[in-house]
Amino acid sequence: MSPLVFANNAPTLAERCKDAAGIALIALLLGIPMIGLTTADQGGSLQVLTRWPLLGAFVAAAFCGRLALRYGLDMLKQRRQTRDREAAARPGKRGVRSIRILELTGWLAFGIALVLPILFSDNRYVVDTATTVLIYVMLGWGLNVVVGLAGLLDLGHAAFYAVGAYAYALLSTQFGWGFWTALPVAGLTAAVFGLALGWPSLRLRGDYLAIVTLGFGEIIRVVLTNWTDLSGGPNGISSIPRPTFFGLPFVPSSDTGTFASFFGLEFSPMHRIIFLYYVILLLSLLTNVLVKRLRRLPIGRAWEAMREDEIACKALGMNITNVKLSAFALGAMLGGVAGVFFAARQGFISPESFTFNESAIILAIVVLGGMGSQLGVVLASVVLVLLPELGRDFAEYRMLLFGAAMILIMVWRPGGILSHREPTLRHQPAGEQA
Amino acid sequence: MRAGMSAENTILSVEHLTMRFGGLAAIDDLSLAVPAGKITGVIGPNGAGKTTFFNCLTGFYKPTEGVVSLNHPTRGALRLADLPSHQVAHVAQVVRTFQNIRLFPKMTVLENLIVAQHNALQKASGFSLAGILGLPSYRKAEQQAVAKAVDWLTRLNLIDKADTPAGALPYGTQRRVEIARALCVDPLLLCLDEPAAGLNPRESGELNELLLRLVADAKLTILLIEHDMSVVMNVSDHICVLNYGRKIAEGTPKQIQNDPNVIKAYLGEEDADELLHAEVSA
Amino acid sequence: MALALQQLINGLTLGAVYGLIAIGYTMVYGIIGMINFAHGDIYMVSAFIAVTGFTLLTAFGVTSVPFALLVVLIVAVLFTSVYGWAVERLAYRPLRGSTRLAPLISAIGMSIFLQNMVQLTQGARVKPIPPMITGGIDVLTTDGFTARLSYSQILIVLVTVALLAAFTWLITRTSFGRQQRACEQDRTMTALLGIDVDRTISLTFMLGASLAAVAGVMVTMYYGVVDFYIGFVAGIKAFTAAVLGGIGSLPGAMLGGLIIGLIEAFWSNYLSAEYKDVATFSILILVLMFRPSGLLGRPEVEKV
C-alpha cells in the first residue's frame, strides 16, 4: 500500500485488479443490507424486497471506479511531481494571477446579480430562485465569520436564523413593527443569543464547541416547537407582513396608496418579487462589505490569529474572550438579519425551517466554498440551490451529494475549494515579490 | 542578600514559588531575583521545571504557592499570578516565546507582527467603528504599527520575508520571527523558551549577537531558558540552575561552570565524582 | 412508588442502550482524539439491518425467537462493523495529522451521507415490525399502577452486562487490548514498537460499530419502529453520556449512559416529555462548562 512503491514501479494489471476486487468485496458487504435488500410495507406488514441487479451494478461500479481512481491518482502524482519541480524553478507569479481572476469573477457575479431581475422581469421562477440563493449567500457569509475566520465550528447557525425570523414575526404581528425598524432589533436580538451561546462555550475546545452549538440549536428548535403561546408551536406564525417600499405596500389597491399607484404602474405581483430580490441583494452586499472591512481591521486579524493559535494570542496579550464573543455575536447577527428577511419573504415560518439539516446545509456551503472565502460561498450557494431545481432526482440526492462532497473536499483540499488566503496588508505591493 | 543586588535593580522577584501537579512538585520553593537590563539564563536537565516556571510567570498556570512580582516602572509592583493570562503581556509587559514555535502559520510575517500590536490598534480602531469608517486617526495608527513592525523586521534581518506566510519559513527563521513578534508587544521582560533549539552553530552565533544587541539597544531584560551552553554561557550575565524543580545553584557563568552541584545534576552522581576528582588531582 | 419504579426500569433499559453506543464514541475519542459524528448513524444502519433481518427470517418461517435474535444479532454485528471500518477508512484515515476541524467536518459529512443513503435506499417512512418478545413480570403495584419488568427489558440489560464483561476482558487482558491502550497513550511510540497502528484503529472502529449494532438490534426489538433519523438523536444522547462519564473512560460511558437514560425517563414522566431533549442538551452543556473531564475522566492539562 505504500505510495512510494507505486510511484516508482507502476503496478501490474493483475495487482490493480486485485486491489479493485478487494474494494468490490467491501462494496458488496456494504451494499447487501442497504442496496440488495430493502423492506416495504405491503398490506399492513413488512415484506423484504430484493434488488440484486442494482447491487450488482453498485459493486461493478465500485470495481471500475477503484481501477480508474487508482490509475488516475498514479498519473496525477507523476504529473504533480514534474510540475512541482518546474514550479520550484520559477516561483511567485501564479498566486497573483489567481487573485486577479478571483477578483474579476467577483465583479462579474456582482454585475449578473445586479441586472438579473431586469433581464428576467417576467420570470418569477428565476427571480425567486435567485432570492433563495442570496439568502444562503448571506447565511454563509455570516457563518464564515465564525467558522472560516475565527475557526470556531458552529453547528447551530440555524438557531440564529430562527431567532431573527421569530423576532421579526413577533414584532410585526404582535406590535405592528415595520420591516425596516424590526430589522436592526431582530439582528441585535440574534447577536444577544450569539453572546449567550458564546459565553458558556468560551473555554471549550473545538470539537466540544461544535457539539455544544449543535445542542444549542436543537434547544432553540425544541423550545420553538413546544412553547405554543410564544411561537405558535409546530404550526408556526403566519400572515407576517411583507416589507413595504418606504411605506408603500405591494398590493393591488389600498387607501393610502400602493407601490404601483404611486409610480403610476399597473399592479403586478412581480414588483414585490423583484423588490424582495433587491432587498436581499442589498443586505448581502452590506454584509460582504462589512466582513471584508472587518477582516482588514485588528478584530479581523485577531479572529484569524485565534484560528491559527489561541495560546500564542494569549501570550501576546490578546483578550481571547472578547475576540471569540465578537465573532459569535457578529455571525449570529448576520444570521438573524437573514432570518428577518426569510420571515418577511415567506410570510409564514415554523420550526420546520430551522432544523439541524439547515445548519448542516449552511455549514456545507461555507466548507465547500473554502473557509474564509467570500466568493466560494456564492458559488457553493448557487450549486446548492440549483441542484434540486434540476429535477426531482437531484432534489432527492442533494443532501447525499452534499455529505459526500464534504468528505471529499476535506480529504482532497482541507482548506476548501477556494482556499487561497489574501494577506490583509502587505509590505510590498502584490506582484513585486521575487 | 542575593549576590548583592539592590531592590531597585530587580525587575522580577520570585519568592517561594511552588507548582504542584497532583503529588508532583514541578517547581519546589523557588526564589529568584531577575536583575533589570540584564540577561538571566535558566538552565537545568530535561524535566527540571524550566518551562513550568515560564508558564507560571506568564499566567498559563496558576502557581500553587508563592509570589511572582514584577517591578513595573510606571505601574508599580504587579503580582503576575493574579493577572489574567492575557494581561501578563498587555499590562505587565512580560512577553514570551514558545519552545515549539507558535506563529500564526497562514498569516504573513508582517501580519504576525501586527497582531502582536492588537490591543493598541483595537483601541485606535474605536473597537472597529472608526476602522470600518476608515477614519484618519485609525489609518495613522495602522501606519505606525506597520512602521514599528518593519523596524523590528529590518533589525532582525527579516524584512525580505515580510509578505511570506510564516508557516512557509525555515525553522531558524521562524524562531527569529517569533522573537520579532514578541518585541512588537513592547516587552519589559522578554522570556525566551529555548530560542536556540534546532538552530545550527552559525544561527545560534547570530542569536547570541541579537540577544546582546537587544539588551544594549532596547533596554529590556531577558529571561532565557536554553540547553545550548554556547548560547547561555556566552550571553548570560546571571544564571540560575534548576533540578527537579529546585534551584541548585545561582551565579555568574563562571561560577556555574565550576559548581559541583551543577555538574552532578548534569552528569549524575558517580560521573561527577570522577570528574571532580580528576580535576582536583590535575 | 410503582410509577417511580417503572421509570427506573425504563430509564435503566434506555441507559443501557445509550451506554453501548457511548462506548463507541469514547473508544474512538480515546484513540484518535476526534468525535466520530457518524457513530449515531452507524447505530441507525444496524437498526435497519435488524428490521430486514427479522422480516426475512419471518418470511422464511422461522418462529423461534431466540434463534431469530441470535442470527440477526450476528448478521447485524458483521455488516455494521464493515460500515464502521469503511467510515474510518474513507472519511478519517486520509485526514490523520490534518487540522482539528477537518476530520470533524468530514465526520458531519459522513453522518449526512449515511442518513440520506438510508433514506434513499430504505425509504423515508417509519418501519414497524411486530413485537417479538411479549410478556413480563409484574413487580409492584401501588395506587392502581403496576410496575412491569418486560422480558425484552431483562434481555437488554442481560446482553449489555454480558457485552460489558466481554469487552472489559478484551481491553484489559488481550494483546489487542494492550495495543489499543498503547495507541491511546502514544501513537508514534506504538508504531515504533512495531504495532500496526492503522489496523488497531480500524479494529477500534469495528468494535465500536459492533456495540452500536447490538444496541440497534435491541432497540428494534424493544420499540419495534425504526426510521432513518433515529441515529441523530440517539447519537447526541450517547455522546452526552460519553462526555458525562468522562470521555475516554469505558466504565464512564456506561455510567453516563445510565444517568442519561434515568434522567430522560424521570424527566418525561414527572416534568415534560416535550422538553426531554432540552434536558439532555442542557446537561451536556453544563458538564462541558463545569467539568469537561466528566465524572470518571482524567483532567486534561493544557499543554503550552
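A quick note: this is a predicted structure, and the numbers were derived from the prediction, not measured.
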### Task
Tell me, for C/A86 versus chain A, whether the close heavy atoms (under 4.5 Å) come from the side chain, the backbone, both or neither.
side chain

### Query
Do you know which of A/I26, A/L401, A/I35 has the most heavy-atom pairs under 4.5 Å to chain C?
A/I26

### Query
Given side chains that start at C-beta, do those of C/T52 and A/T38 come closer than 4.5 Å, heavy atoms only?
no

### Task
May I ask you to name which of C/T121, C/I112, C/D277 has the most heavy-atom pairs under 4.5 Å with chain A?
C/T121

### Task
Measure the shortest side-chain to side-chain distance between C/I74 and C/L78 over non-hydrogen atoms and say whether it is less than 4.5 angstrom.
yes

## Note on the structure
Most heavy-atom pairs under 4.5 Å with chain C, out of A/L37, A/L29, A/N226, belong to A/N226

## Note on the structure
So, the part of C/L95 with a heavy atom under 4.5 Å from chain A: the answer is side chain

### Message
What part of C/P103 gets within 4.5 angstrom of chain A, counting heavy atoms only: side chain, backbone, both, or neither?
### Response
neither

### Message
If you compare all heavy atoms of C/A238 against all heavy atoms of C/A22, which two are closest, and at what distance to 0.1 Å?
### Response
O-CB, 3.3 Å

### Query
Listed by chain and number, what are the ring pair (Phe, Tyr, Trp, His ring centres under 6.0 Å) partners of C/F239, not counting sequence neighbours?
C/Y25

### Message
For A/R307 versus A/G148, what's the shortest heavy-atom pair and its separation?
### Response
NH1-O, 2.8 Å

### Query
Is it the backbone or the side chain of A/L204 that comes under 4.5 Å from a heavy atom of chain C, or both, or neither?
side chain

### Query
Distance-only, no hydrogens or angles: does the A/R51 side chain make a donor-acceptor pair with backbone N or O of A/M34 under 3.5 Å?
yes

### Task
Pick whichever of A/L155, A/D41, A/T225 has the most heavy-atom pairs under 4.5 Å with chain C.
A/L155

### Residue C/F37 versus chain A: region with a heavy atom under 4.5 Å
side chain

#### Entry: Residues C/T220, C/K127; criterion side-chain contact (heavy atoms from CB on, under 4.5 Å); working and verdict
CA-CA 10 Å; C/T220 309; C/K127 306 262 172 188; over 6 Å; no

### Query
Measuring heavy-atom distances to chain A, does C/L288 have an atom under 4.5 Å in its side chain, in its backbone, in both, or in neither?
both

### Task
Considering only heavy atoms, give the residues of residues 227-236 of chain C separated from chain A by less than 4.5 Å, sorted numerically, with 'none' for an empty result.
C/F232, C/I236

### Query
Which residue out of C/V82, C/V51, C/T58, C/L286 racks up the most heavy-atom pairs below 4.5 Å with chain A?
C/V82

### Region of A/W227 in contact with chain C, defined by heavy-atom distances below 4.5 Å
both

### Query
What residue in A/L363, A/V48, A/V222, A/L400 has the most heavy-atom pairs under 4.5 Å with chain C?
A/L400

### Query
Can A/N144 and A/L149 be said to form a side-chain contact (heavy atoms from CB on, under 4.5 Å), step by step?
CA-CA 6 Å; A/N144 213 350; A/L149 291 182; 5.6 Å; no

### Summary
One should read off an interatomic distance between A/L73 CG and A/R70 CZ, to the nearest 0.5 angstrom, of 6.0 Å

## Note on the structure
Whatever's closer than 4.5 Å to a heavy atom in chain C on A/L408 counts as neither

### Query
With only heavy atoms counted, which part of C/S111 is less than 4.5 Å from chain A, the side chain, the backbone, both or neither?
neither

### Message
Which heavy atom of A/I365 sits nearest to which heavy atom of A/L384, and what is that distance?
### Response
CD1-CD2, 3.8 Å

### Task
Could you look at A/A404 and say if it's the side chain, the backbone, both or neither that has a heavy atom under 4.5 Å from chain C?
both

### Heavy-atom proximity to chain C below 4.5 Å, by part of A/L54
neither

### Part of C/V75 lying under 4.5 Å from any heavy atom of chain A
neither

### Query
Side-chain contact, heavy-atom cut-off 4.5 Å: A/I407 with A/M410?
no

### Query
Do the side-chain N and O atoms of C/Y83 and C/D41 include a donor-acceptor pair separated by under 3.5 angstrom?
no

### Query
Would one find more than 12 heavy atoms of other residues, nucleotides or ligands at under 6.0 Å from atom CZ of A/F193?
no

### Summary
Looking only at heavy atoms, the pair that brings C/D198 and C/R93 closest together is O-NH2, 3.5 Å

### Message
Counting heavy-atom pairs closer than 4.5 Å to chain A, which one of C/T280, C/I105, C/T240 comes out on top?
### Response
C/I105

### Query
Which atoms of C/L90 come close to chain A, meaning under 4.5 Å heavy atom to heavy atom: side chain ones, backbone ones, both, or neither?
backbone

#### Entry: For A/M406 against C/G109, the heavy-atom pair lying closest together
CB-CA, 3.9 Å

### Query
Shortest non-hydrogen contact from C/E88 to C/S202?
OE1-OG, 3.4 Å

